[in-house]
Structure formats: structure tokens, C-alpha cells
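This report concerns only the one structure given below.
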Amino acid sequence: MDSPLVTLGALLSTMAMISNWMSQTLPSLAGLNTTRIPTSNSLTQISPREGWQVYSSAQDPDGRCICTVVAPEQNLCSRDAKSKQLRQLLEKVQNMSQSIEVLNLRTQRDFQYVQKMETQMKGLRSKFRQIEEDRKTLLTRHFQDLKEKMDELQPLIPVLEQYKTDARLITQFKEEIRNLTGILTTIQQEIGAFDYEELHQRVLGLETRLRECMKKLTCGKLMKITGPITVKASGPRFGAWMTDPVASEKNNRVWYMEGFTTSKIVREYKSLADFITGAESRTYTLPVKWAGTSHLVYNGSLFFNKYQSNIIIKYSFNSGKILAQRSLDNAGFNNVYPYTWGGFSDIDLMADEFGLWAVYATNQNAGNIVISQLRQDTLEVVKSWSTGYPKRSAGESFMICGTLYVTNNHLTGAKVYYSYSTKSSSYEYMDIPFHNQYFHISMLDYNARDRALYAWNNGHQVLFNVTLFHIIKTDVDV
């Protein structure tokens with residue numbers, strides 16, 4: 001950009017030098033250097049008999065050089081040698097004036113071109129500067145994103161390494177089970193060919209090792225929800241189904257409750273296979289109606305919210321009697337603070353690795369969720385936590401390892417949006433999506449034994465698998 005401007009400056013300087021030379025040299029060459037040159041801007045009237053008069057010129061407003069020459073009458077000194085020289089000089093001056101005029105036109109054109117180029121260069125410089133700033137900002141943002149992702153993945157490295165070890169151990173277990181299965185098959189065919197006591201001890205040893213392996217999987221933070229697995233399609237749009245999370249491994253009974261207010265019938269199935277085929281083992285008629293779908297079977301008893309009240313009831317399947325009941329102080333009921341789908345879901349009873357919980361809302365907490373830990377025998381509130389999340393804005397909720405996870409709605413596009421840790425009394429906004437296959441969820445509860453979410457999805461009973469980020473205990477810690 002600077003080079004055309006320097007050239008233009010040199011050109012204008014040359015024109016000024018030529019003008020100055022003409023003003024000083026022409027009178028001398030013509031022998032008229034003794035003639036006084038008027039200083040006024042207006043021309044002085046010259047007699048034609050006084051001979052040649054040459055005036056120095058200044059530049060006009062366009063920067064061009066102007067020379068004024070007054071010639072004598074033709075009959076004076078027409079053959080004089082100085083007159084001839086002056087005519088020759090005049091021709092040269094005219095030629096020079098023409099050249100200067102041409103040069104001036106080119107200079108103006110070049111100057112306009114330089115101005116245009118200067119404007120374009122300024123624009124390009126601004127664009128390059130903006131591109132450079134954008135590039136730095138973009139690189140910084142991408143680098144920060146990558147760094148955050150790496151920081152999130154860093155804690156998973158020791159967990160993955162432990163998973164590799166566990167995977168090898170499980171493979172070994174599978175191989176031993178396969179060998180035992182082969183031996184048992186042989187024994188069925190040939191009784192007495194193998195020491196039964198030795199075989200029994202091997203089975204017990206394998207079971208012990210499996211239990212020790214499971215004990216290493218402690219509580220953790222929810223990271224992912226996969227599925228669902230559709231177990232069965234039955235019943236109306238609303239309902240609940242569940243298993244007992246603290247029952248023995250041999251006890252796989254399933255309980256099934258349709259609707260949210262009109263029924264008192266609880267159906268029982270001995271196993272998941274019987275539930276799928278519809279083979280009921282027993283039917284219970286409760287003494288009162290329930291409200292909502294957030295019921296819980298825990299340690300052989302059914303916990304539910306009594307219809308049109310904030311009373312929670314513990315009902316024994318073995319005795320068919322109510323073992324305990326208690327009112328949740330200030331808890332909203334009768335569709336005052338339900339989940340987004342309604343259905344008298346004001347009070348949600350749930351269980352996790354730490355025991356029994358109730359989730360509800362109160363006027364004192366401005367309709368926001370309250371979490372209360374309960375004693376399972378008396379239903380007494382052990383401790384409560386007040387959150388800042390509106391109960392009516394929650395689709396469903398469930399507890400895992402003392403942390404409440406809340407979904408943002410019950411329809412398509414639902415995701416786990418909020419969590420509250422009772423251990424640290426702190427909350428966190430999350431973004432864990434899950435597939436709402438049948439478009440409407442009216443029940444969602446966690447089962448700690450199965451490490452799965454049980455859901456009632458628009459007349460379908462489904463299961464979701466959960467992935468937890470957990471710390472694996474070492475042998476020293478166990």
C-alpha cells in the first residue's frame with residue numbers, strides 16, 4: 001500500500017521542480033530576466049512593444065502547472081536571434097506542458113487507483129484481523145471443549161481397568177459354571193460317578209466368590225440410561241409394577257397394580273416368567289384405595305399413599321393387615337402437587353441402597369420437592385431435605401444411592417434433568433436422555449437389587465438399564 005503513495009509523492013515533487021525551473025530559467029534564456037514580474041494574481045497589461053514577458057505560475061486547484069507568456073508584435077525583432085531561440089523555447093515549453101498534462105492525467109488516474117486499493121487493503125486488513133481473532137477464539141473454544149471431555153473421561157480410566165479385570169474374572173466364572181454344568185449332566189446320567197460333596201463345595205465356593213465380586217460394586221452416580229426392554233403389554237394407560245429390592249435371590253415375585261385411584265386389587269406373580277404369561281399366584285384386596293402409581297414393595301410389605309390424604313400406609317402381604325400408617329406433615333395431596341401427568345401422584349414412595357424414601361411437595365417449600373428418609377417399621381421421618389425444583393414441573397423421579405434424579409417431563413423427549421444429593425445437600429442440572437418408547441410414562445422407580453428402572457409406559461411394563469459411575473473397593477477396603 002505504501003509504494004504507490006511514495007511514487008505519487010515523488011511525481012508531485014518532480015512537477016513542482018519543473019515549474020520552479022521554468023519560472024527561473026525562461027526569462028534568463030530569453031534575455032528578459034531584468035523584467036519585473038508582478039506579484040499580483042491578476043495579469044498586468046503589457047504593451048506589445050516591450051518584448052516577451054514570461055510569468056512564473058503557481059499550480060491551479062487541480063495541481064497542474066500554468067505558465068503565462070506574452071509575445072511581442074510580429075513585426076518587432078522578427079528576425080532577431082533571441083526571438084528565434086524564444087520561439088524554440090516556447091515550443092519546448094508547450095511540449096512540456098502537454099507532457100505534464102498527460103502526466104497529470106495519469107497521476108490522477110493512478111491516485112484514484114491508489115485510493116481504491118488503499119480502501120480495499122484496509123478492508124482486507126480488517127477481515128484478516130477478524131479472521132485471526134475468530135480463529136484464535138474458535139481454537140480456544142475447541143481446545144477447552146476437548147479438555148473438559150478429557151477431564152470427564154480421566155476418572156474412568158481406573159474404573160475401566162478394573163472392568164477389564166472383572167471381565168476376565170467373570171469369564172473365568174462362566175468357564176467354571178460350564179464345567180460344573182457338564183459334570184452335573186454326567187451325574188444325572190451316571191449317579192455315583194462323582195463325589196457329590198466335592199461338587200457341592202465347588203458350587204458354594206463359586207457362589208461366595210461371585211458375592212464378593214458384587215460387593216465391590218458400590219454406589220455411584222448415574223451416567224446413562226439404556227433400553228427399554230418391553231416385558232409385557234397389559235393394563236390401562238396408568239399403573240405400577242414392581243419386585244422387592246431386598247428380597248432373597250430366590251424370591252422373584254412380581255406385583256401388579258392398575259390405575260391410580262379406583263382399585264384396591266393387587267395381583268401377585270411368583271416369577272417374571274409367570275407375569276409374562278399371566279399366571280397369577282395370588283390376589284390381595286387392600287382395606288383402602290390408593291392414590292397415584294408411586295407404590296413400593298419393600299421387605300415383604302406394600303407401601304402406598306392412601307387416597308385423598310397425605311397418609312402413607314405399610315401393608316403386610318403375609319398377614320393381610322396394615323402394620324403402620326403415618327401422615328406426612330404439610331405434604332400436598334389430591335392433585336395439589338402431582339407430577340406433570342397428574343394422576344394424584346403427589347406423594348412418591350421409593351427405595352434405594354440406603355432404605356425407604358418419600359418425595360412430595362409442601363406449601364412451606366413453595367411447591368418445590370421435599371425428600372424425606374423414612375423408618376421402614378414406623379414410617380417416621382428420619383430427616384428431610386428441601387430442594388428448589390418445582391414438583392409440578394417434574395415428570396417422574398427416583399432415588400439411587402441417596403441421590404434423587406428428576407425427569408423434566410413424562411412424554412417423548414423426556415430426560416433426567418435435575419439431581420439432588422442428600423449426602424452433600426447439593427443439586428446439579430443434568431442431561432441424561434432415555435427412550436420413551438410408548439410416549440407416556442406414569443411410573444418410574446429404581447430397583448437396587450436389579451440395578452434397573454421399572455416403568456409403566458402407556459400400558460406397557462418396561463425395564464431400563466442404568467450405568468453408574470462407581471468406585472470399586474479394593475481387597476484392603478472390603
Side-chain angles (χ1 to χ4, degrees), residues 166 169-170 172-185 187-188 191 194 196-219 227 229-232 234 240-257 266-284 295-304 314-321 323 349-356 376-377 398-401 445-455 461-466 468 478:
D166 291 345
L169 186 60
I170 290 172
Q172 181 180 350
F173 289 159
K174 287 182 178 179
E175 185 63 29
E176 292 189 27
I177 290 173
R178 189 179 297 110
N179 292 338
L180 288 174
T181 301
I183 293 173
L184 288 173
T185 302
I187 290 176
Q188 288 179 345
I191 300 297
F194 196 89
Y196 175 79
E197 287 299 325
E198 180 183 351
L199 179 62
H200 181 65
Q201 291 301 320
R202 288 180 63 180
V203 172
L204 292 178
L206 179 59
E207 184 179 8
T208 301
R209 290 166 62 190
L210 285 172
R211 289 185 180 276
E212 290 177 354
C213 181
M214 289 300 297
K215 288 180 181 179
K216 292 182 179 181
L217 301 178
T218 60
C219 275
I229 299 171
T230 301
V231 177
K232 188 177 182 181
S234 67
W241 73 293
M242 64 215 81
T243 60
D244 191 339
V246 293
S248 65
E249 294 183 359
K250 295 180 180 180
N251 184 352
N252 295 309
R253 287 183 294 173
V254 177
W255 289 270
Y256 176 90
M257 303 166 69
V266 181
R267 293 181 174 85
E268 180 183 288
Y269 303 85
K270 286 186 178 181
S271 66
L272 189 62
D274 287 348
F275 173 65
I276 294 173
T277 59
E280 294 181 17
S281 61
R282 191 172 177 181
T283 299
Y284 303 87
H295 324 302
L296 170 69
V297 173
Y298 191 84
N299 197 23
S301 295
L302 173 67
F303 297 80
F304 64 95
K314 178 182 180 181
Y315 173 84
S316 172
F317 286 125
N318 291 332
S319 65
K321 297 179 180 181
L323 300 181
L349 300 175
M350 55 188 72
D352 69 351
E353 292 81 355
F354 298 154
L356 189 65
Q376 66 161 311
D377 52 350
F398 53 89
M399 294 287 292
I400 298 180
C401 301
D445 280 322
Y446 173 70
N447 186 296
R449 185 184 70 170
D450 300 337
R451 289 190 180 273
L453 294 174
Y454 282 64
Q461 294 73 51
V462 302
L463 290 172
F464 291 93
N465 292 318
V466 297
L468 303 180
V478 176

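Since the model is a prediction, treat every value here as computed from it, not as a measurement.
The shortest non-hydrogen separation linking P245 to A448 is CB-N, 4.1 Å. Minimum heavy-atom separation, D377 to K314: CA-NZ, 3.7 Å. Listed here is the closest heavy atom pair of D445 and F398: CA-CB, 4.4 Å.
Take F304 and apply the ring-ring contact (aromatic ring centres under 6.0 Å, His included) test, not counting sequence neighbours, and it matches no residue.
Counting only heavy atoms from C-beta outward, the side chains of L296 and L356 approach each other to under 4.5 Å. Inter-residue side-chain proximity for C401 and E353 is flagged as met; some heavy-atom pair is nearer than 4.5 Å. R451 has its side chain within reach of Y446: a pair of non-hydrogen atoms, C-beta onward, lies under 4.5 Å apart. Using a 4.5 Å heavy-atom cutoff, the side chains of M242 and M257 are in contact. Between T243 and V297 the shortest side-chain heavy-atom distance does not fall below 4.5 Å. Using a 4.5 Å heavy-atom cutoff, the side chains of C219 and F354 are in contact. Side-chain atoms of Q376 and Y298, non-hydrogen and from C-beta on, do get closer than 4.5 Å to each other. I400 has its side chain within reach of L468: a pair of non-hydrogen atoms, C-beta onward, lies under 4.5 Å apart.
If you look at W255 and F317, their ring centroids are closer than 6.0 Å.
A side-chain N or O of S234 and one of Q461 form a donor-acceptor pair less than 3.5 Å apart. For the 3.5 Å distance criterion, the side chains of Y454 and D450 qualify, holding a donor opposite an acceptor.
Side-chain atoms of N299 do not come within 3.5 Å of backbone N or O of S301 as any donor-acceptor pair. In this structure, the side chain of R449 engages the main chain of S248 through a donor-acceptor pair within 3.5 Å. Proximity of a side-chain donor or acceptor of D274 to a complementary backbone N or O of Y269 within less than 3.5 Å is not detected. No donor-acceptor pair closer than 3.5 Å links the side chain of N447 to the backbone N or O of A452. Proximity of a side-chain donor or acceptor of K270 to a complementary backbone N or O of N252 within less than 3.5 Å is not detected. The backbone N or O of A273 sits less than 3.5 Å from a side-chain atom of T277, completing a donor-acceptor pair. S281 places a side-chain N or O within 3.5 Å of a backbone atom of E268 that can act as its donor or acceptor partner.
In K232, the NZ atom is crowded: over 12 heavy atoms of neighbouring residues, nucleotides or ligands sit closer than 6.0 Å.
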Please walk me through it: do F275 and W241 pass ring pair (Phe, Tyr, Trp, His ring centres under 6.0 Å)? CA-CA 10 Å; F275 173 65; W241 73 293; 5.4 Å; yes
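To the nearest 0.5 Å, the span separating CG on L463 from CG on L272 amounts to 7.0 Å.
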